[in-house]
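Just so you know, these numbers use all the heavy atoms, side chains as well, and skip hydrogens, waters and symmetry mates. Chain identifiers are assigned alphabetically (A, B, ...) following the order of the sequence lines, protein sequences preceding nucleic acid strands; residue numbering begins at 1 within each chain.
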2 protein chains.
Amino acid sequence: MTSTDPTPPLRPTRQRRAVVEAMTSFADFRSAQDIHELLGERGDQVGLATVYRTLQRLAEAGEVDVLRTEEGEAIYRRCSESHHHHLVCRSCGATVEVEGPTVERWTRSIAAEHGYAEVSHTLEIFGTCPACA
Amino acid sequence: MTSTDPTPPLRPTRQRRAVVEAMTSFADFRSAQDIHELLGERGDQVGLATVYRTLQRLAEAGEVDVLRTEEGEAIYRRCSESHHHHLVCRSCGATVEVEGPTVERWTRSIAAEHGYAEVSHTLEIFGTCPACA
DNA sequence: CTCCGGTTTGACAATCGTTCTCAACTGATC
DNA sequence: GATCAGTTGAGAACGATTGTCAAACCGGAG
Ligand SMILES: [Zn+2]
Ligand SMILES: [Zn+2]
Ligand SMILES: [Zn+2]
Ligand SMILES: [Zn+2]
């Protein structure tokens with residue numbers, strides 16, 4: 001069996017620190033390439049492939065949220081660990097984390113109603129923020 | 001002004017008919033390439049680029065729903081015209097269209113609460129269907 | 001029916017985000 | 001400082017999607 005796969009250790013390298021650090025410097029969703037560029041401007045030289053790899057790890061660990069633009073490009077944002085959704089400004093990208101039992105209950109009941117198990121969901125709200133109105 | 005752009009006519013060509021027809025032959029979400037292949041098997045020879053173009057048109061016209069796989073690939077499915085969401089089986093893709101005032105109200109109120117206007121949203125529910133349980 | 005201009009098509013090239021490859025590099029550990 | 005698994009980065013490779021553009025098509029005017 002390939003059983004024992006005890007989650008290989010994770011080294012806190014310069015690059016990983018730089019990416020995590022960079023993620024705290026903005027509040028909207030950005031693409032891996034944007035983040036790579038941002039790192040460059042800051043003087044933190046990190047390979048593009050490493051940025052992609054690190055963002056994946058962070059996403060798996062639930063430390064960043066991933067969304068898909070209409071074109072299918074992945075965009076990332078640091079986030080709180082608990083389950084939540086986003087209210088995103090279509091114009092400037094300003095994002096608010098939102099949550100509430102209403103939708104959680106609704107999705108669960110709808111799924112149950114149709115006999116679906118192991119339910120999960122994705123929900124994003126888009127609009128024009130007060131500043132961009 | 002480049003005003004007069006009265007939506008160029010849309011000719012019902014053999015290819016377009018074939019794609020629309022093919023879309024009625026399955027109920028889950030499929031990629032453009034899957035659909036292209038399906039057309040080939042049926043004997044309807046249609047260029048891949050045309051399949052992409054047609055699906056785009058159909059999506060714009062609201063005649064098919066588009067989703068993104070976790071990997072960012074676009075998948076399509078014929079759908080009813082009114083606003084709704086999907087309950088999709090993670091294992092076999094079986095899809096149920098769902099709707100209800102609860103979420104619609106919730107998203108609207110959440111957005112209003114934060115001063116966001118022109119609100120829209122996306123919501124998909126995933127689970128294991130009874131057949132795959 | 002024939003001609004004409006705009007629409008559509010499809011083979012193929014080109015994009016472009018993302019992943020893969022793999023040799024060089026790092027950091028713990030002893 | 002020797003060891004060794006985890007990391008990195010430059011560049012190649014990938015794969016979905018879009019762009020190109022000449023040839024095929026269409027519907028209506030003449
Ligand atoms: Zn805004
Ligand atoms: Zn939720
Ligand atoms: Zn199923
Ligand atoms: Zn809705």
Side-chain angles (χ1 to χ4, degrees), chain A residues 2 4-23 29-61 63-77 93, chain B residues 2 4-23 29-61 63-77 93:
Chain A
T2 58
T4 45
D5 193 316
T7 309
L10 239 287
R11 291 186 193 162
T13 65
R14 170 182 71 74
Q15 292 87 335
R16 294 222 249 250
R17 266 191 300 271
V19 172
V20 172
E21 164 75 23
M23 293 302 289
F29 283 87
R30 309 247 178 128
S31 73
Q33 313 218 28
D34 286 344
I35 295 167
H36 173 248
E37 192 176 325
L38 180 65
L39 283 165
E41 291 169 5
R42 299 180 143 223
D44 288 315
Q45 172 54 32
V46 180
L48 180 57
T50 300
V51 173
Y52 272 107
R53 282 187 292 237
T54 305
L55 287 172
Q56 273 176 190
R57 294 295 189 81
L58 291 174
E60 283 165 15
E63 291 178 39
V64 302
D65 282 341
V66 190
L67 243 55
R68 290 274 173 186
T69 66
E70 198 115 346
E71 296 76 43
E73 186 178 11
I75 47 181
Y76 308 82
R77 175 181 189 275
Chain B
T2 57
T4 44
D5 194 318
T7 307
L10 239 288
R11 294 185 189 162
T13 65
R14 170 182 69 77
Q15 291 87 336
R16 294 221 249 251
R17 266 191 301 271
V19 172
V20 172
E21 163 76 22
M23 293 303 288
F29 283 89
R30 310 246 178 131
S31 74
Q33 314 219 26
D34 286 344
I35 295 166
H36 173 248
E37 192 176 325
L38 181 64
L39 283 166
E41 291 168 3
R42 299 179 142 223
D44 290 314
Q45 171 55 32
V46 179
L48 180 57
T50 300
V51 173
Y52 273 107
R53 283 186 293 237
T54 305
L55 288 172
Q56 274 175 189
R57 294 294 189 80
L58 291 174
E60 285 165 14
E63 291 178 38
V64 302
D65 283 341
V66 190
L67 244 55
R68 289 275 173 187
T69 66
E70 199 114 348
E71 296 77 43
E73 187 179 8
I75 47 180
Y76 309 80
R77 174 182 189 276

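- Atom CG of A:L10 and atom C1' of D:dT8 are 14 Å apart (whole Å).
- Proximity of B:Q56 to the phosphate of D:dT18: a side-chain N or O atom is located under 4.0 Å from OP1 or OP2.
- Here D:dC26 is the nucleotide among D:dG9, D:dG19, D:dC26 with the atom lying nearest to any side-chain atom of B:R11.
- Side-chain contact, B:R53 with B:T50: a donor N or O sits under 3.5 Å from an acceptor N or O.
- Within 4.0 Å of B:E71, counting heavy atoms only, lies no atom of the nucleic acid at all.
- Considering only side-chain N and O atoms, B:T13 lies nowhere under 4.0 angstrom from the phosphate OP1 or OP2 of D:dC25.
- Taking only side-chain nitrogens and oxygens, A:Q15 comes nearer than 4.0 Å to OP1 or OP2 of D:dG9.
- Going from atom CZ of B:R57 over to atom C1' of D:dT18 covers 14 Å, rounded to whole Å.
- With distances taken from any side-chain atom of A:Q33 to the nucleotides C:dG17, C:dG10, D:dT17, the minimum falls on C:dG17.
- The base of D:dG9 sits with one of its N or O atoms less than 3.5 Å from a complementary donor or acceptor on the side chain of A:R53.
- Phosphate proximity of D:dT8 to A:R16: present, with a side-chain N or O under 4.0 Å from OP1 or OP2.
- Which of C:dT8, D:dT17, D:dT7 sits closest to the side chain of B:Y52 comes down to D:dT17.
- Positionally, the nearest nucleotide of DNA chain D for A:R14 lies more toward the 5' end than for the other of A:R14 and B:S31.
- The residue among B:L48 and B:P12 whose nearest nucleotide of DNA chain D is located toward the 5' end is B:L48.
- Between the P atom of D:dC25 and the CD atom of B:Q45 lies a distance of 13 Å, rounded to the nearest Å.
- The main-chain N or O of B:G72 is found under 3.5 Å from a side-chain atom of B:R68 such that the two form a donor-acceptor pair.
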Run the side chain to side chain contact (heavy atoms under 4.5 Å, CB included) test on B:V66 and B:Q56 for me, step by step, so that the C-alpha distance in whole Å, both residues' side-chain angles and the decisive distance to 0.1 Å come before the verdict.
CA-CA 9 Å; B:V66 190; B:Q56 274 175 189; over 6 Å; no
